[in-house]
Amino acid sequence: MDANYNPQHIEAKWQKRWAEEKLFEADVQPGKKKYYVLEMLPYPSGDIHMGHVRNYSLGDALARYKWMKGFNVIHPIGWDAFGLPAENAAIKHQRHPSEFTFTYIDRMRGQLQRLGFSYDWRREIASCVPEYYRWNQWMFLKMYERGSAYRKQSRVNWCPVCCTVLANEQVVNGCCWRHEDTPVVERELEQWFLKITAYSDQLLDDMKELVRWPERVLAMQQNWIGKSLGTEVDFALPSLGERIRVFTTRVDTIFGCTAVFVASEHPLVEKLIASAPSPEKLRLEVERIKASAIRTRVEVNFEKQGVDTGFKARNPYNGEEVPVWVANFVLMEYGTGAVMAVPAHDQRDFEFCTVYGLPIRTVIVPANVGTGLKPAPTEAYVEYGKLVNSGPYTGLTSEQAIERMTRDAEAKGFGKGTIQYRLKDWGISRQRYWGTPIPMVYCDACGVVPVPEKELPVVLPSNVKLTGQGQSPLAEAPEFVNTRCPKCGGPARRETDTMDTFVDSSWYFYRYTDPKIDTSPVNQEAVRYWFPVDQYIGGIEHAILHLIYMRFFTKVMRDIGLVSFSEPVARLFTQGMVLKGGSAMSKSKGNVVDPVEMCAKYGADTVRVYMLFAAPPEKDFDWSETGIEGASRFLNRVYRIIERHAATLCNINAWTSTSKEPLELSSEERRLLRKAHQTLRHVTEDMEGRWHYNTDIAMAMELVNELSELEPAIEAGKIRPAVTKSALEYLVLILSLFSPHIADELWEGLGHKEPLLRVPWPEFDRELAAEEELEIPVQVNGKLRGRIRVAVTADEEEIRRRAQAEEKVNQYLNGRQIVKVIVVPQKLVNIVVK
RNA sequence: GCGAAAGUGGCGGAAUUGGCAGACGCGCCAGACUUAGGAUCUGGUCCCGCAAGGGGUGGGGGUUCGAGUCCCCCCUUUCGCACCA
């Protein structure tokens, strides 16, 4: 061993050796228990950043632990390689996106290898190669066959910076998820959609399988799907012979309805205008409302506005005629685009009706209050309660009324119970180049025709001019666009939009199990062995993007017979962000800490230990330069301690409690072994699911502190070499999870040949970990007054006697009456006096 | 507004089941070794107090022999959703 810790040298040495020994390669071994550790795959943006390092350090510690516990561990990585940044860079520099992508992949692969993560590189995938994306196309065709992929004209979100359409999930506060300052604009376009809404209920119901997912993520998904049960009710428009259908979750309040509000884009509005006494005037007013309607969600001070159309609609429950208004807060895309206005029991209606002087009529009162509400309410009463002024339904509770009134509507044919979802189908067309071509053809004779499976992949042409202007770049590549109709053989045109790159990442983790298979997207046998993913680790930012698409894809794959389960990920962990100076690292803020630089300065082991030690993994943490110095000091200290003893210890065997010839242990030896086994116990228990790696490393530091304190005893021979070696070995085994290079180096220095990943994780010894003598605090009336030292085996009676005899305690007992003595064995004594 | 999580020294954090609050690390203070120290080692470091002692986990109340931990009310912060009818 070198006298000094040289991380650069050690890390290069062990990375080379791990690769030569194929240490991280795992293959299907029927009968052997497996463990699938998955981390979210990176986009090849140029360099690994600290968020990746955190994510992958967490996964790596777990993977290494599971290897040592005897699992067959699959731990793959790949590249989410299609996407806009490469295309934009390509436009800027007049190059091809694949150049950037593959250059960056090579660079980032090198960086991941520099960090020493335990990936099985044979399984590496990149989504931008035809061998991968052909299976996107294949699945798209399967979905098309099943009616789960369809084309429709619709109003979509367009990001003017990205020059493409976005899915609903990719719009954040009315802005593009990539450009948080860029409001999306609406465009009317013909688009391809995937019918995720067909799985709304399954996505909700199957959440009960996801017991080991963070509550938060499930709540966000539930929210996003937004299922609500309600009633649709037809209001007749007698003067037009038409009807307006409204959706409500509170049909019990309908006797308080004093108007009907419709969205400005509601199809009936045109008819109302046409039949109005002065159509032009009404049209102008409706246009004004339309212009003020909710367009994006960025508007902070949105003001409710509306216009009375002059028409009346009849409430089918009581025959009352109420005015029809066009209101700017009614959304066409939710429910039926029309609502009944019940100002007494809906806050929005209340605000609107107060402004426009529409009547407010109370029909629900709190169940435990006999009389009505106070006069002149200042806000709507929105709770459930008891019905008043509601004709035959008066006196029912809201729950009873909703049920009975819905039933009556169905019986009389003016309405029905119904379910609404907030979730919309997933629009996947993108008007950009660097993505998977959508395998469809348009033929004048045959219409929309899918590309036959055997003609896949539809390869992305390489010689396309990228200008960043206009629409889909593929439309300007005639040799791509012009093709033959697969059905009639006549001339036809290809679809020129590409797929949302979230399609690529919706099933990539299946591909890892057999990345080269060319007869199917997935090797079903391999999937049967390796799935489900035992542990998925990634950022919370994908809670309702990737993590819902991924669940959806698995259900589709199940329905087309590729997999036999409904949920791909048994357990999900969402790590916190890495900040610098309180905010996320970004180039524009100039606060980026480069992992490569840190590795050059301190070594990968130090970077990883600091990353894991600084905060529990689920919390955000702020990078600090002085903090990493501490981690570096720690590893240096470990190195020095072991290096000092390596020469004397490398040829002897470590003491174990199961040795044939048991040693009589000295008190110093007991003390050292106790600490070692306590540390091992803590880490073992933590690795089984709590993953507060920060406390594991803290425990390892305590063990090192104990070793330092006992150094004189080791020198003096009061701790024999075999015992010292035993403690050092446990330390090294534990460190191998977090700082694997130095651990292997020290392990070798202690005389071992085999890399630590192949060493079985040791069982801790309960006896050795147990304290033999305890210091027990003694309280009088709950205040700490003294301490006693007793043997672990001391019984309650002895502890009680010793506690009362303790001098400092006794002072507080003099002249008082002892009411009660509480003895918690091994923990504490509390003497209650009067 | 709705939903979720969190609030502990100068800082990051620990206390897994109600039982010694502040482990471990950073920073700081003092000392040792040193030509030197941004190396290393030793000691100290929640607050008030010379001390005995007292106070202390966002604030207030409660349950309990005992509360950072459980219950109620309030405040603050972060995140997600938000005229979704």
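What you see is a predicted model; the values in this text were computed from it and never measured. Excluded from the calculations below are hydrogen atoms, water molecules and symmetry mates; all remaining heavy atoms, backbone and side chain alike, are included. Each chain gets a letter, A, B and so on, in the order its sequence line appears, and its residues count up from 1.
Counting non-hydrogen atoms under 4.0 angstrom, A/Asp686 reaches nothing in the nucleic acid. Using a 4.0 Å heavy-atom criterion, one finds that A/Gly630 contacts the sugar-phosphate atoms exclusively. Note on A/Leu784: nothing from the nucleic acid sits closer than 4.0 angstrom, heavy atoms only. Base engagement by A/Lys304 is indicated by at least one non-hydrogen atom pair under 4.0 Å involving a base atom.
In this structure, A/Glu709 atom CD and B/C24 atom C1' are separated by 14 Å, rounded to whole Å. Put simply, CZ on A/Arg348 is 16 Å from P on B/G1, counting in whole angstrom units.
A/Asn694 has a side-chain polar atom (N or O) that falls below the 4.0 Å cut-off from OP1 or OP2 of B/A14. At B/G53, none of the side-chain N or O atoms of A/Arg785 fall inside 4.0 Å of OP1 or OP2 (strictly under the cut-off).
A/Phe261 pairs in a ring pair (Phe, Tyr, Trp, His ring centres under 6.0 Å) with only one of the listed residues (A/Phe247, A/Phe235, A/Trp325, A/Phe352), which is A/Phe352.
Distance noted for atom P between B/U78 and B/U40: 38 Å (whole Å).
With A/Trp224 as the aromatic partner, A/Arg551 does not meet the cation-pi criteria of under 6.0 angstrom to the ring centre and within 45 degrees of the ring axis.
In this entry B/U40 has B/A32 as its Watson-Crick or G-U wobble partner, both defining distances falling under 3.5 Å.
Between A/Glu685 and A/Arg690, none of the side-chain N atoms (NZ, or NE/NH1/NH2) sits under 4.0 Å from a carboxylate O, so this pair counts as no salt bridge. Contact check on A/Glu333 versus A/Arg422 returns no salt bridge, with no Lys/Arg side-chain nitrogen under 4.0 Å from an Asp/Glu carboxylate oxygen.
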